[in-house]
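Structure first, then comments.
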Amino acid sequence: MLTIKQIEENRDYVVERLAVKHFQAAQLVDQIIGQSVARRQCITRTEAIQAELNQNARSIGQLLKEGRKEEAEAAKQTTAALKAQLTSLSSELDALEMQLKHLVVQLPNLPHQSVPQGRAAADNVEVRSGGQLPVLDGTALPHWELAQRYDIIDFELGVKITGAGFPVYKGQGARLQRALIAFFLDEAVRAGYTEYMPPILVNEDSGFGTGQLPDKEGQMYHATADNFYLIPTAEVPVTNMYRDVILRSSDFPVRMTAYTPCFRREAGSYGKDVRGLNRLHQFDKVELVCLEHPDRSYATLDAMVEHVESLLVKLQLPYRILRLCGGDMSFTSALTYDFEVYSAAQNMWLEVSSVSNFESFQANRLKLRYREEGEKQTRLAHTLNGSALALPRIVAALLENNQGPEGIRIPEALRPYTGFDTIQ
RNA sequence: GGAGAGAUGGGUGAGCGGUUUAAACCGGCAGUCUUGAAAACUGUUGUAGGGUAACCUACCGGGGGUUCGAAUCCCUCUCUCUCCGCCA
């Protein structure tokens, strides 16, 4: 969420920027500023009474110590009225703060200056592309049929043991999963990220910290007996490691990577978009999370984009990089690049990574701060994250694009990890 | 699952209703000394909010209560640790 200070000091700028996300903020922003003024006045009055009560209690203590009992009793009488005032003021203050928070959380993050205008996916701007679009003959199969032919992914079996969207990987298919995870992690570590293996169940506080709760509760699987949630992405446990932390500016950059399975309930989708590996309830992903100094977060965003791109180049997949337009961006992001790979038999671009700078929007919720060398005051850090990469759609593209009469060719870079060069 | 103990600043840890404005030690930072370092010594060192400022307010796991006054007493919830049982 944005800070009240940000909103109060840049009223017009906030409204103007949010218009890029097609969010009409003027009324909400003015309400927030009004509430904030009221809140401050209420605080001033409340604290004056608290100070008086404290003073009173101290002097009663002093009087009792000196044995001046009657004066002490008299002083006790005067506190009753003050306490009544305090009670009413502090419930007024509670109400004001609740309303204010309720209003503030409705404001999305401000889009960066470079975010393109636009309403929907069609308005996203392609910043780069790479790789060769494969030319397949008429016998080319979609990945779900290839999976069956080579007996490497069993969707039916997953339905039997769990349900739709929980595939079983088998033989060379399972080995391919393990190879991709190891490859992605090794590449991230080589690029300077520290590898983590976090819990994949998180508590309620962590869900709040990264913003899944309370609004998107329905997207996560909930283990009710212990009130834990299955993570939808490694971003949740990894980012929450830094909840309520104050860093030094010399601690930046903090670069972390983690492989985890990810769980998404994703109710409401149907049709060809969810065929095969296109959309699953459980999938594997290697995630990057960076904590950065505000002055350098966009340089770090660029570095993350280059890292993800290098993975796709090594996997020899045709890809394009999109800068998301205001209308297609997430609530929390200031600037997002999506990576799509071409899935030849489906004749579709599939999103395999989304790399975002959240600036201080997420850090404010997390209370993740840092201190400039020699300064007492704390400031909010910037947080960034991105997938590097999500496996299922990579696998879909690898299977479809590399199919041939001899089987499915494994790209050179993966062979040390798979131990085979063809799926047969 | 059973029994017990506990939760205090970056860490260890005092504190048993009113100079707690949270001791002490360790760590951190700055300085003195030193060719440099170490040691020693001196100073400094929580977070958030309000106020032009002096200064004030809140926070000792969360919430509620008793009291003129609560880190301290009471209730409640959560979490952690130890032992036993079970288990990879």
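Values in this document were obtained by computation on a predicted structure and should not be read as measured data. Letters A, B, ... are given to chains in the order of the sequence lines, protein chains preceding strands, and every chain is numbered from 1.
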**Message:** At 4.0 Å (heavy atoms only), tell me whether A:Ser59 reaches a base, stays on the sugar-phosphate, or touches nothing.
**Reply:** nothing
**Message:** Any side-chain to backbone donor/acceptor pair from A:Ser91 onto A:Ser88? Under 3.5 Å, distance only.
**Reply:** yes
**Prompt:** Looking for any heavy atom pair under 4.0 Å, which part of the strands does A:Lys5 touch: base, sugar-phosphate only, or nothing?
**Reply:** nothing
**Request:** Give A:Ala75 one of three labels, base, sugar-phosphate or nothing, depending on what nucleic acid heavy atoms sit under 4.0 Å from its own.
**Result:** nothing
**Request:** Report the distance from atom CG of A:Leu247 to atom C1' of B:rU47, rounded to the nearest whole Å.
**Result:** 15 Å
**Request:** Would you mind pulling out the nucleotide paired to B:rA54, Watson-Crick or G-U wobble, both distances under 3.5 Å?
**Result:** none
**Message:** Under 4.0 Å, counting only non-hydrogen atoms across every strand here, what does A:Leu64 touch: a base, just sugar-phosphate, or nothing?
**Reply:** base
**Fill in**
Nearest-nucleotide check on RNA chain B, A:Arg39 vs A:Ala51; residue mapping nearer the 5' end is A:Arg39
**Asked** Are any of A:Lys376's side-chain N or O atoms less than 4.0 Å away from OP1 or OP2 of B:rU47?
**Response** yes
**Request:** Quote, to the nearest angstrom, the C1' distance that separates B:rC79 from B:rG85.
**Result:** 22 Å
**Request:** Indicate whether OP1 or OP2 belonging to B:rG69 is found under 4.0 Å from a side-chain N or O atom of A:Lys83.
**Result:** yes
**Item:** Smallest separation among heavy atoms of A:Asn357 and A:Leu301, with atom names
**Value:** N-CD1, 3.8 Å
**Request:** Give the nucleotide from the list B:rG28, B:rU47, B:rC68 with an atom nearest to the side chain of A:Arg248.
**Result:** B:rG28
**Pairwise C1' distance, B:rA37 and B:rG51 [rounded to whole Å]** = 47 Å
**Prompt:** For A:Leu86 and B:rG50, what is the distance between atoms CG and P respectively, to the nearest whole Å?
**Reply:** 18 Å
**Complete:** A:Asn54 CG to B:rC68 C1', in whole Å, measures 11 Å
**Message:** Expressed as a whole number of angstroms, how long is the span from A:Asn56:CG to B:rA70:P?
**Reply:** 13 Å
**Prompt:** Looking only at atom P, what distance separates B:rA22 and B:rA58, rounded to whole Å?
**Reply:** 12 Å
**Request:** Provide the distance between the two P atoms, one in B:rG27 and one in B:rG11, to the nearest whole Å.
**Result:** 15 Å
**Base paired to B:rC83 (Watson-Crick or G-U; both N/O distances under 3.5 angstrom)** = B:rG2
**Request:** Report the distance from atom CD1 of A:Ile246 to atom P of B:rG11, rounded to the nearest whole Å.
**Result:** 12 Å
**Asked** Does A:Arg40 make a side-chain N or O approach to OP1 or OP2 of B:rG50 shorter than 4.0 Å?
**Response** yes
**Message:** Side chain of A:Arg371 only, heavy atoms from C-beta on: which candidate in B:rG18, B:rG46, B:rC56 is closest?
**Reply:** B:rG46
**Message:** Check this for me: A:Gln50, atom CD, are more than 12 non-hydrogen atoms of other residues, nucleotides or ligands nearer than 6.0 Å?
**Reply:** yes
**Message:** What contact category does A:Arg45 fall into here, base, sugar-phosphate, or nothing, at under 4.0 angstrom with non-hydrogen atoms?
**Reply:** nothing
**Complete:** Taking every heavy atom of A:Ser297 against every heavy atom of A:Leu384, the minimum-distance pair comes out as O-CD2, 3.3 Å
**Prompt:** P atom, B:rG62 versus B:rA54: distance in rounded Å?
**Reply:** 30 Å
**Request:** Could you measure between the two C1' atoms, the one in B:rA48 and the one in B:rC60, and give it in whole Å?
**Result:** 15 Å
**Item:** Nucleotide forming a Watson-Crick or wobble pair with B:rA30, both distances under 3.5 Å
**Value:** B:rU42
**Asked** A:Arg369 has a side chain; which of B:rA48, B:rA58, B:rG49 sits nearest to it?
**Response** B:rA48
**Request:** Look at the side chain of A:Gln62 and the base of B:rG18, then say whether one donor and one acceptor between them are separated by less than 3.5 Å.
**Result:** no
**Message:** Donor-acceptor pair, distance only, cut-off 3.5 Å: does the side chain of A:Thr3 make one with the backbone of A:Gln6?
**Reply:** yes
**Message:** I'd like to know if the side chain of A:Asn240 and the backbone of A:Pro237 have a donor-acceptor N/O pair within less than 3.5 Å.
**Reply:** no
**Request:** Using the C1' atoms only, state how far B:rA23 lies from B:rG9, rounded to an integer number of Å.
**Result:** 13 Å
**Item:** Watson-Crick/G-U partner (both atom distances under 3.5 Å) of B:rU21
**Value:** none
**Message:** Is the phosphate of B:rU57 approached by A:Thr46 (side-chain N or O, under 4.0 Å from OP1 or OP2)?
**Reply:** no
**Item:** Complementary nucleotide for B:rC60 - Watson-Crick or wobble, under 3.5 Å
**Value:** none
**Prompt:** For the side chain of A:Ile60, counting heavy atoms from C-beta on, which of B:rC56, B:rG50, B:rC68 is nearest?
**Reply:** B:rC68
**Message:** From the set B:rG50, B:rC68, B:rU47, return the single nucleotide nearest to any side-chain atom of A:Ala57.
**Reply:** B:rC68
**Item:** Nearest-Å distance for atom pair CG/C1', residues A:Leu82 and B:rU57
**Value:** 15 Å
**Request:** Report the base-pairing partner of B:rU78 (Watson-Crick or G-U wobble, both distances below 3.5 angstrom), or none.
**Result:** B:rA7
**Message:** Distance check, C1' atoms only: B:rA3 and B:rG61, in whole angstrom units.
**Reply:** 23 Å
**Prompt:** Which comes earlier along RNA chain B counting from the 5' end, the contact point of A:Thr44 or that of A:Asp226, where each point is its nearest nucleotide?
**Reply:** A:Thr44
**Request:** Calculate, to the nearest 0.5 Å, the distance between atoms CG and OG belonging to A:Asn385 and A:Ser354 respectively.
**Result:** 8.0 Å
**Asked** In the structure shown, which nucleotide is the Watson-Crick or G-U wobble counterpart of B:rG69, with both distances under 3.5 Å?
**Response** none
**Prompt:** When the distance from CG of A:Leu53 to P of B:rG69 is rounded to whole Å, what number comes out?
**Reply:** 8 Å
**Message:** What is the distance, to the nearest angstrom, from the CD atom on A:Glu52 to the C1' atom on B:rU57?
**Reply:** 14 Å
**Item:** Backbone N/O of A:Glu400 and side chain of A:Gln403: donor-acceptor pair under 3.5 Å
**Value:** yes
